[in-house]
Number of protein chains: 2
Amino acid sequence: MNDSEKLQRARNRCIESLAQNMNLYGITESIGRLYGLLYFTDEPMSLDSMKDELGMSKTSMSTSVRQLQDLQMVEKVWVKGSRKDLYQCSHDWYQTFTDLFSIKWRVGISANMSAINKSISELQELLDEPKTSTQIKEEAKADLEKLKYALNYYDWLNRLVDSFESREIFNFIPKVKDTP
Amino acid sequence: MNDSEKLQRARNRCIESLAQNMNLYGITESIGRLYGLLYFTDEPMSLDSMKDELGMSKTSMSTSVRQLQDLQMVEKVWVKGSRKDLYQCSHDWYQTFTDLFSIKWRVGISANMSAINKSISELQELLDEPKTSTQIKEEAKADLEKLKYALNYYDWLNRLVDSFESREIFNFIPKVKDTP
DNA sequence: TAGAACGTACAGAAAAAACTGTACGTAATT
DNA sequence: AATTACGTACAGTTTTTTCTGTACGTTCTA
């Protein structure tokens, strides 16, 4: 094995590992591999060069890179004289991490919260209505408690994501280890 | 629509929303629905009752509940006089949240770190070897920088997960909002 | 203005994941 | 000891997701 192969092998090991564990962030292995490729490639890449490197179809590259763009992990760059669209990845992983949370989680949190709020008021109606049977009221009360608890939890989660977005989390967990 | 149906509808809306957004945690919609059912059911449930409620096969219930157990979201409980295995869900969502991170992320982090460490030493060998061409050395140096950066990031991520496990995160982001 | 280069929509193929039913081992009941 | 109840391994089916190739609209080039 020559030096170039050694280099390649060291690089690929990391890309592969990265790609495999990116599903924790809800990212496909293939898309993770593309991100890894972009991470190690210093020049912005075109869809064709991605295709050649990964041995996949250009269509896949197009849709994959689009997804990475939506997650703010990759951006299109303009390079003088090139007709092709060129892409490069964000090298700030802390930013990428917090962006991912913001983008993906906010939606889920607010969807759940509005479902809960809707149900809370329905249950409250049931409780306020004198004709409702005792049995039903008991159940409604129990559900109401659980939903209020959930609402508090989502509020907490929102505040956690706030701290990511505002970078305050880095006051609490600093980026660099204290020197020993 | 009678009161019982109203109750059911309010409950199902929340279960459905919960289930749909649980894929953010890497959890299937069906499994999320099962968790939601368990959340609202106060008595521990058997596989058969889950099956009846969700209209799915008993096999699915068995494997789903196993997954929830692995994620510490559900536990088996012993009830006197029952031959069936009975399960109930954890009602502490903060705990569930932090457990999920610990369980899922730790594995990924350490996998990535060990891949990186292995590659770092290979690249270092390449750099230490006088016969290596300048071209290769340049590339190795660039990769090395990136890998060291990644290592720092994973260290940060580990410390974040530490703060979840140790509950210190709740000092920074308190569970209950400050009263206004 | 003709032609080439480029990116993507869309339909279909391939692969992966989720789900089911049967079969079987174990443990409780009679 | 025979029977019943229970949970799960496993193979096969269904559903979903991922991936590809063709076709087409747009933009640049000559």
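By convention in this document, chain letters (A, B, ...) are assigned in the order of the sequence lines, proteins followed by strands, and residues within each chain are numbered from 1.
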Would you call [X] and [Y] a salt bridge, using N to O less than 4.0 angstrom?
{"X": "B/R159", "Y": "B/D155", "result": "yes"}
{"X": "B/R33", "Y": "B/E29", "result": "yes"}
{"X": "B/E122", "Y": "A/R13", "result": "yes"}

[X] [atom1] to [N] [atom2]: how many Å, rounded?
{"X": "B/R33", "N": "C/dA18", "atom1": "CZ", "atom2": "P", "value": "13 Å"}
{"X": "A/K84", "N": "C/dG7", "atom1": "NZ", "atom2": "C1'", "value": "11 Å"}
{"X": "A/M61", "N": "D/dC19", "atom1": "CE", "atom2": "C1'", "value": "9 Å"}
{"X": "B/I31", "N": "C/dA17", "atom1": "CD1", "atom2": "P", "value": "13 Å"}
{"X": "B/L34", "N": "C/dC19", "atom1": "CG", "atom2": "C1'", "value": "14 Å"}
{"X": "A/W78", "N": "D/dT27", "atom1": "CH2", "atom2": "C1'", "value": "16 Å"}
{"X": "A/D48", "N": "D/dG21", "atom1": "CG", "atom2": "P", "value": "14 Å"}
{"X": "A/M50", "N": "D/dC19", "atom1": "CE", "atom2": "C1'", "value": "17 Å"}

Would you mind building the protein contact string for nucleotides 25-30 of chain C? One character per nucleotide, 5' to 3', B for base within reach (heavy atoms under 4.0 Å), S for sugar-phosphate only, - for untouched.
-> ---SS-

Using a cut-off of strictly less than 4.0 Å, decide whether A/S60 has a side-chain nitrogen or oxygen near OP1 or OP2 of D/dC19.
-> no

Within the 6.0 Å centroid threshold, strictly below: A/Y149 and A/Y153 | no

Could you identify which residues cluster with B/V107, counting Ile, Leu, Val, Met, Phe, Trp and Tyr as linked when any side-chain heavy atoms lie under 4.5 Å apart, either directly or through a chain of such contacts?
-> none

So does A/Q135 have more than 12 non-hydrogen atoms from other groups sitting under 6.0 Å from CD?
-> no

What's the spacing between B/L147 CG and B/K118 NZ if we round to 0.5 Å?
-> 14.0 Å

What distance do A/S30 atom OG and A/M61 atom CE have between them, rounded to the nearest 0.5 Å?
-> 7.5 Å

Could you give the side-chain donor-acceptor pairs of residues 164-172 of chain A under 3.5 Å, partners two or more places apart or in another chain?
{"residue": "A/E165", "atom": "OE1", "partner": "A/R106", "partner atom": "NH2", "Å": "3.1"}
{"residue": "A/E165", "atom": "OE2", "partner": "A/S102", "partner atom": "OG", "Å": "3.3"}
{"residue": "A/S166", "atom": "OG", "partner": "A/D162", "partner atom": "O", "Å": "3.1"}
{"residue": "A/S166", "atom": "OG", "partner": "A/E168", "partner atom": "N", "Å": "3.3"}
{"residue": "A/S166", "atom": "OG", "partner": "A/E168", "partner atom": "OE2", "Å": "3.3"}
{"residue": "A/R167", "atom": "NH1", "partner": "A/T98", "partner atom": "OG1", "Å": "2.9"}
{"residue": "A/R167", "atom": "NH1", "partner": "A/F164", "partner atom": "O", "Å": "3.4"}
{"residue": "A/R167", "atom": "NH2", "partner": "A/Q95", "partner atom": "OE1", "Å": "3.1"}

Every protein N/O within reach of nucleotides 8-16 of chain C N/O, cut-off under 3.5 Å:
{"residue": "C/dT8", "atom": "OP2", "partner": "A/S62", "partner atom": "OG", "Å": "2.6"}

Give each protein N/O atom lying under 3.5 Å from an N/O atom of nucleotides 12-18 of chain D, with the pair distance.
{"residue": "D/dT18", "atom": "OP1", "partner": "A/T28", "partner atom": "OG1", "Å": "3.4"}

Does B/D48 have any salt bridge (charged side-chain N to carboxylate O under 4.0 Å, His left out) partners at least two apart in sequence or in another chain, and if so, which?
-> B/K58, B/K84

Would you indicate whether the side-chain heavy atoms of B/I27 and B/Y35 approach each other to under 4.5 Å?
-> no

